[in-house]
Amino acid sequence: MYTKNMFLESCHELGISLSEDLSVELINQAYNKLLTNHSNAILKGIKPSFKMQDKLQARDYLLDKIKPKK
């Protein structure tokens, strides 16, 4: 049994290098790039190779983690 590291997994899902400083802009750019690829595949009649729900979950997780705590 292993514990899934959501931070690492989320970075991987969005194709973000761990050496990059996370920002709202960087996370959204990575997500939007994947969204564009997904949409283009559908328009071409190709089944996308990933689920956008997984990418959305990764984006939301990372955005939540970088928000300053009040």
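For the residue pair Q53/Q57, the side-chain donor-acceptor check at 3.5 Å is not satisfied.
Using a 4.5 Å heavy-atom threshold, the side chains of L56 and L35 count as separate. No side-chain heavy atom of Y31 sits under 4.5 Å from any side-chain heavy atom of E13.
Note that the CE atom of M52 and the CD1 atom of I42 stand 9.0 Å from one another [nearest 0.5 Å]. In this structure, the separation between CE on M6 and SG on C11 is 10.5 Å, given to the nearest 0.5 Å. Here CD1 of I27 is found 4.5 Å from CG of L63. Values are rounded to the nearest 0.5 Å. If you take CG on N28 and OG on S23, they are separated by 8.5 Å, rounding to the nearest 0.5 Å.
Remark: K55 qualifies as a cation-pi partner of F50 under the 6.0 Å distance and 45° angle criteria applied to the six-membered ring.
Take S49 and apply the side chain to side chain donor-acceptor pair (under 3.5 Å) test, not counting sequence neighbours, and it matches no residue. Remark: T36 pairs with no residue by the side chain to side chain donor-acceptor pair (under 3.5 Å) rule, at least two apart or across chains.
Note on L18: it clusters hydrophobically with I16, by side-chain heavy-atom contacts below 4.5 Å among ILVMFWY residues.
Each of D54, L62, L26 was compared with L14 under the side-chain contact (heavy atoms from CB on, under 4.5 Å) criterion, and only L62 meets it.
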Apply the test side chain to side chain contact (heavy atoms under 4.5 Å, CB included) to residues L34 and H38: give CA-CA distance (whole Å), side-chain angles for both, the deciding distance (0.1 Å), then the verdict.
CA-CA 6 Å; L34 291 165; H38 190 268; over 6 Å; no

